[in-house]
Amino acid sequence: MPEKILGIDIGSSRIKVVQVTRGLRVSQMTGYGSARLPADADPLQVATTLVDLISEQNLESDRYLVALPTNETFLRRLSFPFSAERKISQVIGFEMEPGLPLPLDAVQIDFVKTEPRPEGTHGVLAAAFPKGVLDHLLSAFQEAGIQPEVVDLDASG
């Protein structure tokens with residue numbers, strides 16, 4: 001049975017969705033849509049706009065993947081003398097904290113390892129997203145019946 005996946009891109013002024021139907025051998029785009037978001041839209045407005053867009057475009061989904069805008073994200077390139085993800089997870093908050101305008105417990109931090117560097121260090125791209133914004137958005141989605149399986153940052157940001 002084909003699986004329907006709905007990719008959701010929340011920008012600062014628009015919300016875009018694409019429906020991909022994944023079969024045994026092939027995946028194809030089977031629907032899409034876009035809607036304008038009000039300036040400074042709150043999470044409830046984003047969720048309402050999303051639900052309306054999904055309904056208007058007759059999109060269905062078994063899974064939801066959400067890309068968040070980077071305008072509220074704090075990004076840093078870091079280097080570590082080790083590459084183990086577990087070790088990086090243990091220390092990354094301490095490395096991020098001095099550059100954050102929010103307390104460490106008010107942000108959700110994640111990272112991706114980049115390239116090993118010639119001097120024996122390992123590159124990391126770290127992101128800190130305000131928990132308040134994330135929690136409100138996920139709560140609004142939940143009330144709208146949307147349970148994102150993956151929440152990531154908009155890569156084009």
Side-chain angles (χ1 to χ4, degrees), residues 3-20 22 27 29 32 34-51 53-54 59 61-157:
E3 175 184 36
K4 293 184 191 251
I5 302 167
L6 196 64
I8 304 164
D9 180 9
I10 303 169
S12 56
S13 63
R14 296 197 76 73
I15 189 165
K16 299 166 281 295
V17 296
V18 63
Q19 178 183 281
V20 174
R22 192 168 84 175
S27 296
M29 184 178 76
Y32 62 92
S34 175
R36 181 166 291 290
L37 285 172
D40 299 322
D42 64 34
L44 187 56
Q45 289 172 307
V46 172
T48 302
T49 302
L50 176 60
V51 168
L53 179 59
I54 290 170
L59 301 174
S61 183
D62 301 311
R63 296 171 55 200
Y64 296 94
L65 313 176
V66 177
L68 298 175
T70 57
N71 62 334
E72 296 197 50
T73 307
F74 308 100
L75 298 170
R76 289 200 49 208
R77 289 189 178 276
L78 302 169
S79 292
F80 294 98
F82 42 81
S83 64
E85 289 195 20
R86 183 171 176 223
K87 244 183 172 179
I88 294 171
S89 294
Q90 291 171 339
V91 300
I92 198 156
F94 300 110
E95 292 295 320
M96 291 284 291
E97 189 173 28
L100 294 176
L102 298 171
L104 202 52
D105 62 354
V107 295
Q108 178 67 47
I109 296 177
D110 201 2
F111 67 92
V112 292
K113 293 192 309 185
T114 57
E115 72 290 340
R117 300 201 172 143
E119 63 275 6
T121 62
H122 297 273
V124 169
L125 177 61
F129 198 85
K131 284 182 183 176
V133 175
L134 183 60
D135 292 345
H136 289 305
L137 187 59
L138 292 177
S139 293
F141 278 179
Q142 188 173 19
E143 286 179 32
I146 296 170
Q147 301 282 342
E149 187 174 313
V150 173
V151 177
D152 206 345
L153 294 177
D154 175 8
S156 66

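If you read the sequence from its start, that first residue is 1, and numbering goes on from there. Values below: all heavy atoms of this structure, side chains included; hydrogens, waters and symmetry mates excluded.
Between I109 and G93 the shortest heavy-atom distance is CD1-CA, 4.0 Å. Smallest separation of non-hydrogen atoms from A140 and P43: CB-O, 3.4 Å.
Just one residue in the list L50, V66, L6 forms a side chain to side chain contact (heavy atoms under 4.5 Å, CB included) with I146, and that residue is L50.
Counting only residues at least two apart or in different chains, salt bridge (Lys or Arg N to Asp or Glu O under 4.0 Å) contacts with residues 133-146 are absent. Counting only residues at least two apart or on different chains, the salt bridge (Lys or Arg N to Asp or Glu O under 4.0 Å) pairs with a member in residues 117-127 are E115-R117. Each salt bridge (Lys or Arg N to Asp or Glu O under 4.0 Å) pair with one or both residues in residues 89-114, not counting sequence neighbours, would appear here, but there are none. Contacts classified as salt bridge (Lys or Arg N to Asp or Glu O under 4.0 Å) and involving residues 75-90 (residues at least two apart or in different chains) are not found.
Annotation: H136, atom NE2; neighbour count of heavy atoms from other residues, nucleotides and ligands within 6.0 Å does not exceed 12. For Q142, the CD atom is loosely surrounded, since the number of other residues' heavy atoms within 6.0 Å does not exceed 12.
Note that CD of Q108 and CG of L134 are 7.0 Å apart. Values are rounded to the nearest 0.5 Å. With rounding to the nearest 0.5 angstrom, the CG atom of L78 is 10.5 Å from the CZ atom of F111. Between atom CD1 of residue I15 and atom CZ of residue R36 there is a gap of 13.0 Å, rounded to the nearest 0.5 Å. To the nearest 0.5 Å, the span separating CD1 on I10 from OG1 on T49 amounts to 10.0 Å.
Contacts of Q45 classified as side-chain hydrogen bond (donor to acceptor under 3.5 Å, both in side chains), with partners at least two apart in sequence or in another chain: none. Residues satisfying the side chain to side chain contact (heavy atoms under 4.5 Å, CB included) criterion with S34, sequence neighbours excluded, are R14, K16. The side chain to side chain contact (heavy atoms under 4.5 Å, CB included) test applied to D40 returns no partner, not counting sequence neighbours. T73 meets the side chain to side chain contact (heavy atoms under 4.5 Å, CB included) test with T70, L75, A127, F129, L153; sequence neighbours excluded. Partners of L44 under the side chain to side chain contact (heavy atoms under 4.5 Å, CB included) rule, at least two apart in sequence or in another chain, are D42, T48. Qualifying ring pair (Phe, Tyr, Trp, His ring centres under 6.0 Å) partners for F82, counting only residues two or more places apart in sequence or in other chains: F80. Qualifying salt bridge (charged side-chain N to carboxylate O under 4.0 Å, His left out) partners for K4, counting only residues two or more places apart in sequence or in other chains: none. Applying the salt bridge (charged side-chain N to carboxylate O under 4.0 Å, His left out) test to E72 and every residue at least two apart in sequence or in another chain returns nothing.
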Residue pair V46, L37: steps toward the side chain to side chain contact (heavy atoms under 4.5 Å, CB included) verdict: CA-CA 7 Å; V46 172; L37 285 172; 4.2 Å; yes
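At a threshold of 4.5 Å between non-hydrogen side-chain atoms, the residues L68 and V133 do not count as touching.
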